[in-house]
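What you see is a predicted model; the values in this text were computed from it and never measured. When a ligand or atom number is given, it counts from 1 through the structure's own listing order.
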Amino acid sequence: MAESKRRVLGRFSSSSFGTVDPRKSNGGGGGEKEVPHLPVLIVGAGPVGLILSILLTKLGVKCSVLEKSVVFSRHPQAHFINNRTMELFRKLDGLAEEIQSLEPPVDLWRRFIYCTSLSGPVLGSVDHMKPQDFDKTVSPISVAHFSQYKLMNLLLQRLEKLGVSVCSPSEIEGSIWDRKILMGHECISIHPTNEGLKVGTSYLKEGKMEEREFHCSILVGSDGARSTVRKLVDIDMKGERNLQRLVSVHFLSKDLGQYLLHERPGMLFFIFNPDAIGVLVAHDLDQGEFVLQIPYYSPQQKIEDFSFKDTFNLFQVCEQIILKLVGWKLVNVQVLDIKPWVMHAEVAEKYVSHNNRVILVGDAAHRFPPAGGFGMNTGIQDAHNLAWKISSVLSGIASPSIIQTYEMERRPIAIYNTSLSVENFRAAMSVPAALGLDPAIANSVHRVINSSLCSILPPSLQKFALEGIFSIGRAQLSELILNENNPLGSLRLSRLKKIFDEGKSLQLQFPAEDLGFCYKEGALVAECGEKIWESEASSVHKRDLRPYIPCAKPGCRLPHMLINALKESSAKASFSTLDLISGDKIEFLLIIAPIKGSYRLARASMMVAKEFDVPLKVCIIWPKGSSDKNVNSSEKELEPWKNIIDVEEAVTPTSKSWWELCQMSSNGVILVRPDEHIAWRTESNSIADDLSELKRVFSLMLGHGKFLL
Ligand SMILES: Cc1cc2nc3c(=O)[nH]c(=O)nc-3n(C[C@H](O)[C@H](O)[C@H](O)COP(=O)(O)OP(=O)(O)OC[C@H]3O[C@@H](n4cnc5c(N)ncnc54)[C@H](O)[C@@H]3O)c2cc1C
């Protein structure tokens, strides 16, 4: 059957979806007429799909992943891992620490460098690391620079340890279908059934296309920017399209790596010269591994212009461009791979459809300009928000409607990050604009050549005209013009300096967004009669670099503070408040101070949690210097409940107490979700009826009541 026809048959409307509770599925192996039946099927084994499968498997959810490619891509793509993602990685079997041990030293990538060639004059150099990035005050871990394909390898190792195997179509036999990454399987259709969803896949076996069906209760589309799942369930994207077309050239050069490592180490190199323009991403200077991004203008310029191989099987055009940007003849350039891509700034209109059964995550739900490295990071954080909710629904703790809170919480974050990335991309463009190469002018020239007037010209002439105009533009970058002695050059150089000095060029880190992003509605509960968030004037300039300010309002990530466990070996090192939450099971956390009213509320919480069948741990935070003698009182106060931990504030550079950090009094009580975001908080002396308040809180948070808007 033709692919387009199959896709059309694969579409369905929401009205045809039944009202089956996803909890009915039994999972793994067997199912209706030998069609494998899984509680969760994930489409797409990119970083987001793999992270989701790790998180779900750790939480005991049976799932498998369909991947249309037969091998994993080695194109490096993402490389900047932000602070929050690294925090999540700390809970994946030491993933964060392993990345830190394998990534290049920070001094080799903390700078962005602007130059006329890699060996020519430096126009500017911007350091993107601040002292607070290293002092562990706001987070127990720092950001990282690590190529996407290397991260994928580490994720696959973790999956293997969890018993998940990667299978090619010919290796798949038998009836055990969960814990598999099914390579070479393309999702081509989705149909609702009485039991959930029927998912059609196609795969190549012994030279023939074959089809295989799966049943699942929940289908997660993590199938990237051109998501088939999104198209099959008719979800549109909203935003700006086609901001820029680029060719991404993955190459190795030991010589270039060693030269830059010693002469001008950096992460990104923005190179502007009369012969070529490009952005070089140094993935690993020591290994000499790079990706060069080259803008191109279609249809006059085509990907074939770059991917053309000569008789020696070499990507000659790309090698020539690399040499023009390097500024001297490199002997050992090996172009590995060329990939075209288009920059969009779009977010899906919906993340969840078909009675909470079809869910989009990662690039399938949002596609940003890579400026600021939000794409993969946002996707991984989507998966983290979703995993505990899926697990809670399938284990019966939460109502299926909690899945809607995934969209309520994550979509506004994607919308915010989209505009932040666009602003950051525009800031990056301010540098060529200051040099007399306004990209807006290049786009207008391109539009004119594409207009009806010029489109009657033969394609070769159009291309000639376009390249001719661009090369006249690039002539502005010649040393003759761009020097301090030339009035125009001097003006341009001083404009450039101002952009760098004022932090108006491309930024790498956004602490207020990376750690301080906050959900305003969702699986959150306001204090009785209160609103969580007063409507705030929306910040006009998102790119204004704001520091992260710890906050303990519902929706925020739990603030990090170093603490020590009491009553355990005194030699035990300090750990983060974030470590109070388990990454391996669904468990909520209640944080209190050791005072009567808060113990009373904690006892009520334990009773209500038991009634709702929700695992709950209570943490009592003692002030610095509390002795073991006092601490014994917690056990007595909370009897017969056992799942409690007494901790003491460790000495910190800020010298703020926990409750000061949270901007609360020591009557404060904080309820934290399994994803380390705060669900509810109160002051224990403000509650009249503990039990009924706690019942209200748990029922709203788990979707048994109406969500608080
Ligand atoms: C040049 C560049 C630099 C970037 N740098 C950064 C950065 O520094 N930091 C950052 O956070 N982000 C960055 N990004 C973005 C990042 O690469 C993406 O956000 C990330 O890859 C998205 O992951 P994903 O798993 O959602 O999708 P993908 O990585 O696109 O994976 C989707 C998978 O689904 C598979 N698939 C597709 N359709 C089907 C189907 N029908 N059936 C089965 N399988 C299917 C695909 O083969 C693919 O393996 C960058 C992007 C670019 C282009």
Give the atom numbers and elements of ligand 1 that come within less than 4.0 Å of a heavy atom of [X].
X      : value
Ser69  : 47 (O)
Gly362 : 26 (O)
Leu66  : 43 (C), 44 (N)
Gly375 : 10 (C), 11 (O), 12 (N), 19 (O)
Ala78  : 4 (C), 5 (N), 6 (C), 7 (C), 8 (O), 9 (N), 10 (C), 12 (N), 13 (C), 14 (N), 16 (C), 17 (O)
Pro47  : 23 (O), 25 (O), 29 (O)
Gln148 : 16 (C), 17 (O), 21 (O), 29 (O)
Gly224 : 27 (O), 30 (O), 32 (C)

From His75, Lys339, His366, Gln293 - option closest to atom 1 (C) of ligand 1 by heavy atom
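When every heavy atom of His75, Lys339, His366, Gln293 is considered, Gln293 comes closest to atom 1 (C) of ligand 1.
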Just going by heavy-atom distances, which of His79, Glu186, Lys68 is nearest to atom 45 (C) of ligand 1?
Lys68
Before giving the answer on side chain to side chain contact (heavy atoms under 4.5 Å, CB included), spell out for His215 and Leu38 the whole-Å C-alpha distance, their side-chain angles and the decisive distance to 0.1 Å.
CA-CA 6 Å; His215 279 169; Leu38 289 151; over 6 Å; no
[X] side chain vs [Y] backbone, donor-acceptor pair below 3.5 Å:
X      : Y      : answer
Tyr519 : Tyr406 : no
Ser64  : Lys180 : yes
Arg410 : Thr378 : yes
Glu103 : His145 : yes

Just say parallel, tilted or perpendicular for the rings of [X] and [Y], cut-offs at 30° and 60°.
X      : Y      : value
Phe112 : His128 : tilted
Tyr149 : His250 : tilted
Phe517 : His677 : tilted
Trp177 : Phe214 : perpendicular

At under 4.0 Å between heavy atoms, is it the side chain or the backbone of [X] that contacts ligand 1, or both, or neither?
X      : value
His185 : backbone
Pro370 : side chain
Trp341 : side chain
Ser222 : backbone
Val43  : side chain
Thr228 : side chain

Within the structure, does [X] bring an N/O atom to less than 3.5 angstrom of an N/O atom in ligand 1?
X      : result
Met376 : yes
Gly373 : yes
Phe80  : yes
Ser248 : no

I'd like to know whether the aromatic ring centres of Tyr114 and Phe269 sit less than 6.0 Å apart in this structure.
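Ring centres of Phe269 and Tyr114 not closer than 6.0 Å.
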Give a yes or no on this: more than 12 heavy atoms of other residues, nucleotides or ligands lie within 6.0 Å of atom CD of Glu304.
yes
Glu160 CD: over 12 foreign heavy atoms closer than 6.0 Å
no
How long is the span from the CE atom in Met86 to the CG atom in Leu515, to the nearest 0.5 Å?
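Atom-to-atom, Met86:CE and Leu515:CG are 12.5 Å apart.
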Can you tell me if Gly379 contacts ligand 1 (heavy atom of the residue under 4.0 Å from the ligand)?
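Gly379 does not count as a contact of ligand 1 under the 4.0 Å cut-off.
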